[in-house]
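The structure appears below as structure tokens.
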Amino acid sequence: KLNVFHWHLVDDQGWRIEIKKYPRLALVGGKTDYTTFNLVQPMAPVSLPQGGYYTQEDIREVVRYAMDRFITVVPEIEMPGHSAAAVSAYPEVGNRLQIAESGGDTSFMLTYNPTFSSSGTIGWDSNYNVDDSTIHFLQDVLTEVMALFPSKFIHIGGDEVDKRPWHANPKAQARMKELGLKDENELQSWFVRQMDQFLAAHGRRLVGWDEILEGGLAPGATVMSWRGMAGGVTAARAGHDVVMAPTQFTYLDYYQWVAPRLEPLAIGGFLPLERIYDFDPVPAELTAQEATHILGGQAQLWSEFIPHPRQMEYMAWPRLCALAEAVWSPKESRNYADFLSRLKPDLEKMKILDVRFRPLTPMPAPIAHWKPGDAVAQFTEHEWDVTAAITAPGQYDAAFLQTGGRGHTEVEWIELRENGEVVQRITRSASTDWGQRSNDYMFGLQTYHPGSRYTLRASMRDVGGVDAAGDIYLVSQ
């Protein structure tokens, strides 16, 4: 039931599609040093090819393969941001100037660093300039893209655009004044409209991430809402089509288990199978007419932390099964227990096909919680009764998962106590921010005494607000 493949072919760290008119896009912009690509854990032990891109014949083969299976391939060519790979190949399409920042000179002349970490110059110059020649350059690219992809929709990205280069670029400021635009948000909207009009003239429709709402939405644009569902609601109410892709329900690069240390390295977050199954792409606050603009839902699997196809399979399945049922079935007709029962034969088929899916594991219930106001700006101590989770000697993993709040909670140290006496204390900083890679602690309980009272004690504080709340899990290994 998955009938669209959204293929993200362009980003800061790599241009992955051959463009005949501009061969350096793939030959220069396609180079990536995978051994240093991962910010958290460099992949030095992994032997991987350096760089790479799909030829136009490769693209045609994928499109044919998908079409035979009634799947539409929607390409994404990022603009105006996430464009360092393209600017490295053709510097004239970037923002090349000198500015003074923090008392020193910062150059926008890009020295391409093809790793996941963004140097100062990449961060500054990772969006296109707004010269007419650059608009024509990108429309030339889209012309070749349209020749390869028969899809009605062409995705142009539009997310996470750093406006500072435009703010500092005299030519960009002159263009804003010429067009009567009040700020860089409106300049981005103007940029997107150029692509919207170009694609519409060729019988295609533009899709962009929800940031394209900033500064005004292009007339024919379809919005892909990833920063929650609010952007999609706004677009649908304005009469625009929407694909719902919110991080909290659809990002398959998030962890699947409460204790991240027990899973393959991921970008962060927490998205178990049951939460995806609970996804409803049509928000209840929309009227029946507004809801007709919701085209469907989509899962995202970003690959910065995925070195091999086998790990990709582990992250995708069976969560994609849950997504397929969620987007094709009315919420009132869904039943998670029934879904799990029907899923088992599918998993047996996956075994036969040698798919490395994640085995089904019942999600534990949280043993305790912290609520807004528990953690304040200074470190304070808190204690929770976890007796129900301690049933035998062995290894236990305590994990802190945030469920709400503008900021996040930091943990300074944690203790496991038996009848008030410290069994083990671990002093290590942990955080419940979106990264959630260091938010769990491993305890070793040598001796278990039935009838004892076990408690978990921690020193915590809030960062970025005092409204953070979350769940605490204690799971045996």
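Everything quoted here is computed from the prediction, not taken from an experiment.
- Checked by atom type and distance alone, the side chain of Ser83 pairs as donor or acceptor with a backbone atom of Gly81 at under 3.5 Å.
- Taking the six-membered ring where tryptophan is involved, the planes of Tyr251 and Tyr254 are tilted, since the angle between them lies from 30° to 60°.
- The pair Lys371-Asp374 meets the salt-bridge criterion, since a charged nitrogen lies less than 4.0 angstrom from a carboxylate oxygen.
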Are Gln256 and Tyr314 close enough, and set up right, to give a side-chain hydrogen bond (donor to acceptor under 3.5 Å, both in side chains), and what steps lead you there?
CA-CA 10 Å; Gln256 303 180 67; Tyr314 182 91; 5.3 Å; no
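- Ionic pairing of Arg406 and Asp462 is not present here: no N-O contact between side-chain nitrogen and carboxylate oxygen is shorter than 4.0 angstrom.
- Proximity of a side-chain donor or acceptor of Thr250 to a complementary backbone N or O of Ala245 within less than 3.5 Å is detected.
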Test side-chain hydrogen bond (donor to acceptor under 3.5 Å, both in side chains) on Glu418 and Gln424; report intermediate values, then the result.
CA-CA 10 Å; Glu418 180 180 5; Gln424 188 176 354; over 6 Å; no
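- Taking the side chain as every heavy atom from C-beta outward, Ile212 and Leu217 approach each other to under 4.5 Å.
- Under the 4.0 Å criterion applied to side-chain N and carboxylate O atoms, Glu381 and Arg417 are not assigned as salt-bridge partners.
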Take Thr409 and Trp370 through the test side-chain hydrogen bond (donor to acceptor under 3.5 Å, both in side chains) and record every step on the way to the result.
CA-CA 10 Å; Thr409 298; Trp370 80 96; 3.2 Å; yes
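- In this structure, Arg428 forms a cation-pi arrangement with Tyr441, its terminal cationic atom sitting closer than 6.0 Å to the ring centre and no more than 45° off the ring axis.
- Side-chain atoms of Thr287 come within 3.5 Å of backbone atoms of Glu290 as a donor-acceptor pair (strictly under, hydrogens ignored).
- The six-membered or imidazole ring of His8 lies away from that of Trp209, with a centre-to-centre distance of 6.0 Å or more.
- Using a 4.5 Å heavy-atom threshold, the side chains of Trp15 and Ser88 count as separate.
- Glu412 places none of its side-chain heavy atoms less than 4.5 Å from the side chain of Arg461.
- Here the side chain of Arg237 pairs no donor or acceptor atom with the backbone of Leu286 at under 3.5 angstrom.
- With respect to the salt-bridge test (charged N to carboxylate O, under 4.0 angstrom), the residues Arg342 and Asp338 qualify.
- A donor and an acceptor atom, one from each side chain of His82 and Glu160, are located under 3.5 Å apart.
- In this structure, Trp384 and Ile367 have side chains that are not in contact, with every pair of non-hydrogen atoms separated by 4.5 Å or more.
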